[in-house]
Amino acid sequence: MSVSLGKDLTGLEHLSPDQIRLILDTAEPFKEVSERPIKKVPALRGKTIVNLFFEASTRTRISFEFAEKRLSADTVNVAATGSSVSKGETLVDTARNLEAMRIDMVVIRHPSSGAADFLGQRIRSNVINAGDGKHEHPTQGLLDLLTIRDKHGKIAGLNVCLVGDILHSRVARSNLWGLTKLGAQVAVCGPRTLLPRGIEELGVTVFGRIEEAIEWADVLNVLRLQLERMEAGFIPSLREYYRVFGVTGERLERAPRSITVMHPGPMNRGVEIDSRVADGPHSVILDQVTNGVAVRMAVLYLLAGGRPELADAAKRGSE
Amino acid sequence: MIRPLLLKGGRVIDPSRGLDQVADLLVQDGKIAAVGAGIGAPEGAEVRSVTGMVVAPGLVDVHVHLREPGNEDEETVASGTRAAVAGGFTAVCAMPNTDPVTDNQAAVGFIVRQSVRAASARVYPIGAVSVGQKGERLAEFGEMVGAGAVAVSDDGRPVASGHLMRTALEYARTFGIPVADHCEDPSLSAGGVMHEGLVAARLGLKGMPAAAEEIMVARDCLLAELTGGHVHLCHMSTRGSVELIRRAKERGVPVTAEVTPHHLTLTDHACEGYDTQAKMNPPLREAADVAALRAALKEGVLDCIASDHAPHAYDEKEAAFDDAPFGIVGLETAFAVAYTELVQGGILTLPALLARMSTEPARIFHLPGGTLAPGAPADVAVLDPAAQWTVDPTAFRSKSRNSPFAGRALAGRAVLTIVAGKTAHP
């Protein structure tokens, strides 16, 4: 087998297109596991996985936990929010302690960019990044790719626009790398205060107006606008943000083609996205959530050394 | 009584007098006694052949952090000066961001006493601009100068208030000392951990824009022009700063500026992989900035090289990038990094580099040293330009190991450092 993932999954930037396709293809057979009455296969039986969350998370943590349990792994959840110790010190000590307990894998979410790489360089266990600061959220990027592929039958050649707070978004970065590597055209649209300076140099088109983005795009991936951004002065008000950048039914009606609308959640209805859009026919938001479990199963399975051609067999093993 | 020392047959380079020739150098009674061909050894003299070596004025570093008092686990005056002489430095200026802050004559006197006790490189304290470096009230410049301070600075923090900077520059004129400023507009750089650019965008790290430095460079140049006070700009890092300084100097503004070896040789790409050894403030910038800094150093728009030696305990840098402290040690790598990259790299001649590392920093801070003129204190560095070595931070004399140059193969090394006629290294 020529393609493998290596020890950790900390981001999509350094993965090859073949590695990304391997994960997406491996996710396919795992989708079906979640549709059964008995949602369990023995692929990771005997493996110990720690879900180490230094930031609040509901969706991602639950999605990982389901993925782990449906693969028969033993899981422990550690929520390390609000520690008074400085984050860096905690991380080093946590890494050493986990290693001492002879675990197999760590799923980490951390408010500092690079935390997953930091951990991966210091422990022998596999590390999966569940979101590190403003850096990457690779499994979100992968599930977005899988959802786009399901809906459009391809990724190459599609026009995908990320809308909103690109500057602070790890989802945006993972999407950008994943989409670009698989041959999509990527654009971003949002207030200039929330776009990284120089992003054009990454081969990304920048749209200043949402109307232009909608005219261009096959897919809109609408990012969550954090309330803190208004407090920090990046935008004057949520009201104006909705006026200028909100993805609304009226705006989508003027699109020259049918647009797929995605959102990584949790949504601020009436801020970045109109409820009619979120709940309407353009939306694949819940498909993203469903695909999240399958993608995470694939990542866990592949990092644990599972061979992609055996994913089907692993699935049949419990039948 | 120290024996006289005769260094025979070295390449004597004295930028203060435009001297570059194979000659002998005699040190006697703590002073340079003679420089010339065929000097006879006085009775009882130690004679050392230094053929193939460079004999230069001891290097002078106007910007180091010795961490004493307050963080003696990271560095002390004793360990920092041992690191200095190992790097060929015979004099260093100690920044006042200690704990407590060096903002009064007693605190300045403490640094002086510790340096006498250490009996290694000379230490010239820099006093704080403001009491407690809080940026509010001027510290007592006059008393600090009386105790041995050679400049004032709130380095580590910028002097954010334009009014405070203005009064500091005016007040410092009475004592003839420079006000050394860390140029950073804190409202623009707040929360930043590296240069704002494409690398920061990719890594998802908050950037500090070049403009945060340049705005303060522009302000300081204008205030120096307004007041006639000497402003010294610390660790310049951007091409925009270089242009502002160039224009100010053309107008005759009393401004001088330093640049670090790392800003002359590394870019923000060194932060890839979240390497906290590449985290410093000001941050490593872009290749175009490095090129502009090199050209400005050659031209003299930037006056000198300073290390901004900033020791940190090893476990502090062992953290996520956001959480690691800013700064790297530099005393033991400064000359070799500069020699390898700038002299072997064809940017500067060796005499020009030595001017930027000894004669010029001594001149702009009004320090003795930076010269091999007979009668001057015998602060001498004997450098082996042919020495090839690999940077191994565990071998540093500094108490700290935080260097982005670990593992780097370098050329050029101090083999003998003499302070006031005495061998200080090895």
Side-chain angles (χ1 to χ4, degrees), chain A residues 10-14 54 83 85-96 108 110-122 129 131-138 165-174 176-177 180 188 194-204 228 232-233, chain B residues 73 185-214 238 240 267-279 283 285-289 312-327 402 406:
Chain A
T10 58
L12 300 189
E13 181 180 358
H14 300 293
F54 290 88
S83 166
V85 196
S86 106
K87 286 171 278 182
E89 284 167 355
T90 306
L91 197 52
V92 174
D93 286 341
T94 307
R96 289 185 185 142
I108 179 174
H110 197 280
S112 296
S113 298
D117 290 282
F118 179 89
L119 191 67
Q121 287 153 15
R122 280 159 187 79
N129 183 6
D132 62 328
K134 304 183 287 286
H135 177 222
E136 284 219 39
H137 190 353
D165 180 2
I166 312 298
L167 183 64
H168 301 96
S169 174
R170 51 197 175 208
V171 176
R173 282 170 183 74
S174 288
L176 172 61
W177 299 122
T180 310
V188 297
L194 293 173
L195 302 182
R197 204 160 59 85
I199 190 168
E200 294 91 341
E201 292 172 52
L202 295 176
V204 173
E228 304 94 273
Chain B
D73 57 325
D185 179 338
S187 69
L188 280 170
S189 62
V193 294
M194 68 174 291
H195 171 63
E196 181 181 298
L198 206 51
V199 179
R202 282 177 32 233
L203 294 176
L205 293 171
K206 183 154 169 35
M208 295 187 264
E213 173 173 306
E214 292 154 4
T238 79
T267 67
D268 56 352
H269 285 282
C271 301
E272 300 270 8
Y274 301 95
D275 185 354
T276 58
Q277 304 298 354
K279 181 176 176 182
R285 305 284 184 184
E286 298 170 9
D289 297 300
H312 288 291
Y314 77 95
D315 55 347
E316 283 190 279
K317 283 280 194 182
E318 184 71 0
F321 203 89
D322 281 338
D323 303 322
F326 292 106
N402 46 312

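Being a predicted model, the structure only gives us computed values, none of them experimental. Proteins come first, then strands; the chains are lettered A, B, ... in the order of their sequence lines, and each starts at number 1.
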Output, in order, the C-alpha distance, side-chain angles, deciding distance and verdict of side-chain contact (heavy atoms from CB on, under 4.5 Å) for B:Arg202 and A:Arg173. CA-CA 7 Å; B:Arg202 282 177 32 233; A:Arg173 282 170 183 74; over 6 Å; no
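- Annotation for A:Lys134 and B:Leu205: closest pair CE-C, 4.4 Å, computed over non-hydrogen atoms.
- Listed by chain and number, the residues in a ring-ring contact (aromatic ring centres under 6.0 Å, His included) with B:Tyr274 are A:His135 (sequence neighbours excluded).
- Side-chain contact check for A:Ser113 versus B:Leu203: every heavy-atom pair is 4.5 Å or farther apart.
- Looking at every heavy atom in both residues, A:Leu91 comes nearest to B:Ala320 through CD2-CB, 4.4 Å.
- With sequence neighbours left out, B:Glu213 forms a side chain to side chain donor-acceptor pair (under 3.5 Å) with B:Ser237, B:Ser241.
- With values rounded to the nearest 0.5 angstrom, B:Asp323 atom CG is found 9.0 Å from A:Phe118 atom CZ.
- Closest approach of A:Ser112 and B:Asp322 over heavy atoms only: CA-OD2, 3.6 Å.
- Contact annotation for A:Gln121: only side-chain heavy atoms (C-beta onward) come within less than 4.5 Å of a heavy atom of chain B.
- Contact count against chain B (heavy-atom pairs under 4.5 Å) is highest for A:Arg122 among A:Arg122, A:His168, A:Arg170.
- Residues A:Arg197 and B:Glu196 have side chains in contact (heavy-atom distance under 4.5 Å, counting atoms from C-beta outward).
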